[in-house]
Amino acid sequence: MDLTALLAIQVLYAIASLALISVGLAIIFGMMRVINLAHGEFLMLGGYAAIVATNHGISIWIAMLVVAPIVVGIIGVVVERTIIRFLYGRMIDTMLATWGLSLFLVGMTTVIFGNTTVGISAPLGSFQIGAYRSSAYTLFVIAAAVVILAGVFAVLRWTRLGLIARGTMQNADMAAALGVNPPRVYAVTFGIGAALSGLAGGVLAPVSGVFPTIGVAYVAKSFITVIGGGAAILSGTASASALFGSINQVATYVTTPVFGEVALLAAAIILIRLLPQGITGRFFLGGM
Amino acid sequence: MTINRREFLRNSAAAAAAATGAETFASTAGAQEEAINVAGIHDLSGGLDIYGKPMVDALTLAVEEANAAGGLLGRQIKLINYDPQSNMQLYTQFAQQAALKDKVAVVHGGITSASREVIRPVLDRFKTLYFYNTQYEGGVCDRDQFDTGVTPAQTVEKLVPYAMKKWGKKVYVIAADYNYGQITSQWVKKYVTENGGEVSSIDFFPLDVTNFGSTISKIQAAKPDFVWSALVGGAHISFYRQWAAAGMRTSIPMASTTFAVGNEHIVLSPEECNGMLICYNYFQDLKNPTNQAFVARFLKRFGADYPNITELAMGTYQGFGLWAEGVKKAKSVDRLKAIEALETGIRIDAPSGAVTIDPPTHHCILDVHIAEVKDKKLNVLEDFPQQKPSDTAASCNLIKNPNDNQQYVIKI
């Protein structure tokens, strides 16, 4: 019984971490249709920002939840203004440009921080369920994912900013005719997507440690999640994370971590075969 | 003037051939009277850089010291370092480059067993002497190669009974998912079984796995007396973090064949790894005059704040020392002459104690020590002088079968 509870937490944690690493991409790729191959590097930069800030004496919570998203958000806006804005609607060119950006960011961080794993200890200690113990930070990651998804939903659904963003993505010309400045909306949206990636990178840094090429481990999973989720970015990301996260974690527990990864990928292939439009192409229609 | 395409191609090809010919001639002529080329192939970037950096520093110091003492056979030594970036393809490429372009007398290098098995056939084919200086799973039997690191019969065999006596008989093994982890975990199982214990499970992890949550639950469900870690590389460090964060470090202790080799005990906080048991050939704090002098020279060269001189760094330093002794004895850098000289049982007095080549296996007889991780230091608890590589010796005899060329793997 205790073990079941612990496993349930592990499954929730796997779902939460998939949702965290995907939510930034869901906005940049799902909403803006920009195939951002540097997404993993945004997460990596968030991790570095959190760790550097913590090592400079800033509280770990502020470092993760404030410094990391702000730093990566600013980087995101700069990237959008200097590279991405020339490439809207040119999918292949965007892929090339962001892939180049990803290599550049990996190279830069290697030069600055060295190619060594750096990390910080997870705060909060541990909690106990019966005879079993687990890291309390796991619960924090789950809570963070819930709050972030809820926050993104609230902003998109109920604020003027969210309405303008959604409108611009659907029809930029019409939005412009109604007095909105689409380039600015694009820049802000891209920046918010990047900031959410940075936030996720910061939150996950104490768990996984950070090294310059860690983005590779994230980028494939986030794309699989966002594509598996389909058109509705939030319900899609949430439902795809739930599906893939549970499959991954249960397979990992029953067999090995290697097979857990295989099961995740196999599930993704089957899902895309059955539902080419992603989960929200068939279910949760009209969701967001 | 008109140049026809065919003529142009012919002329430029001839010019190019002349240029390469001249260059090759120059480099061979130069090598004969000038420096002896020695190649080092160690990962200085990527997930394995935690191991490579100290190895390259140790090799650099060894070469500098040899050159300061007048070189080898009256010739200076030129060290050529390659960084394969934790990428196996680059290992092949650099091993070929070292053998064919640099025409080195010896290659020191390879960190993971995977990389060793990548470059070993290349160096065999091009008849280039190869020193693998990393502690590893044992069993490599190849006359072209010398393995100066410790193997399971020297370390696991000592540490298993020590840990079982201290903590109990039920062991849970977690290991990196490639030949090193696969084979080493079998050795652990063998010694645990022989000592009357039980291995409840062996789990393998690819080198890029960073989430160990479900494994930690599984270990708790299995309730072992202690955990044995053969995890490798930068990503796996997060296991120790997550283990401690789950509050497990204080309830289930841990022994390891890889911990601290990459200075994990300095990267992690004391709360995350105190009490871990390890067993290697070398520890920086060994109390003997040769070592104290060595540490002083090393720190002078690389800075007093150097984190820790690792097992692998010492393996590399000693590997170079053994090779140099062999060359002195052979009075030649020729591969076969050097091998024959080394097969007389070359011995050096190294910082870790006496290190002697075991002729039938091309491995080493050396001291090992069990130590405990305590507040970023490694405290030696027990010494085992002059251990033989009996695991490899059980199946490998290069004096009887000089043409043997394979890795013997333990079968349970």
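Computation of the quantities below employed the complete heavy-atom set of this structure, encompassing side-chain atoms and omitting hydrogens, waters and symmetry-equivalent molecules. Bear in mind the structure is a predicted one, so any value in this text is a computation, not a measurement. Each chain gets a letter, A, B and so on, in the order its sequence line appears, and its residues count up from 1.
For the atom pair Q10(A) CD and S214(B) OG, the distance stands at 6.5 Å (nearest 0.5 Å). A distance of 13.5 Å separates CG in L6(A) from NZ in K218(B), rounded to the nearest 0.5 Å.
The 12-atom threshold is not exceeded at CE of M108(A), counting heavy atoms of other residues, nucleotides or ligands nearer than 6.0 Å. Environment of NZ in K376(B): crowded, with over 12 heavy atoms of neighbouring residues, nucleotides or ligands closer than 6.0 Å. Within 6.0 Å of atom CH2 in W99(A), 12 or fewer heavy atoms from other residues, nucleotides or ligands are found, so the atom counts as exposed in its surroundings.
For T138(A), no part lies under 4.5 angstrom from a heavy atom of chain B. Contacts of K223(B) with chain A are made by side-chain atoms alone, with heavy-atom separations under 4.5 Å and no backbone atom involved. Of the two parts of S86(B), neither the backbone nor the side chain holds a non-hydrogen atom closer than 4.5 Å to a non-hydrogen atom of chain A. For chain A, the nearby part of D177(B) is the side chain; its heavy atoms alone come within less than 4.5 Å. The contact between Y253(A) and chain B is made by backbone and side chain atoms together, counting heavy-atom distances below 4.5 Å. Heavy atoms of P123(A) lying under 4.5 Å from chain B are absent altogether.
Listed by chain and number, the residues in a side chain to side chain contact (heavy atoms under 4.5 Å, CB included) with D225(B) are K170(B) (sequence neighbours excluded). Every salt bridge (Lys or Arg N to Asp or Glu O under 4.0 Å) that E372(B) has, sequence neighbours left out, goes to K166(B).
Within residues 238-259 of chain B, the residues approaching chain A closer than 4.5 Å by heavy atoms are, in numerical order, S238(B), R241(B), Q242(B), A245(B), A246(B), G247(B), M248(B). Contacts between residues 262-275 of chain B and chain A, counted as heavy-atom pairs separated by less than 4.5 Å, involve V267(B), S269(B), E272(B).
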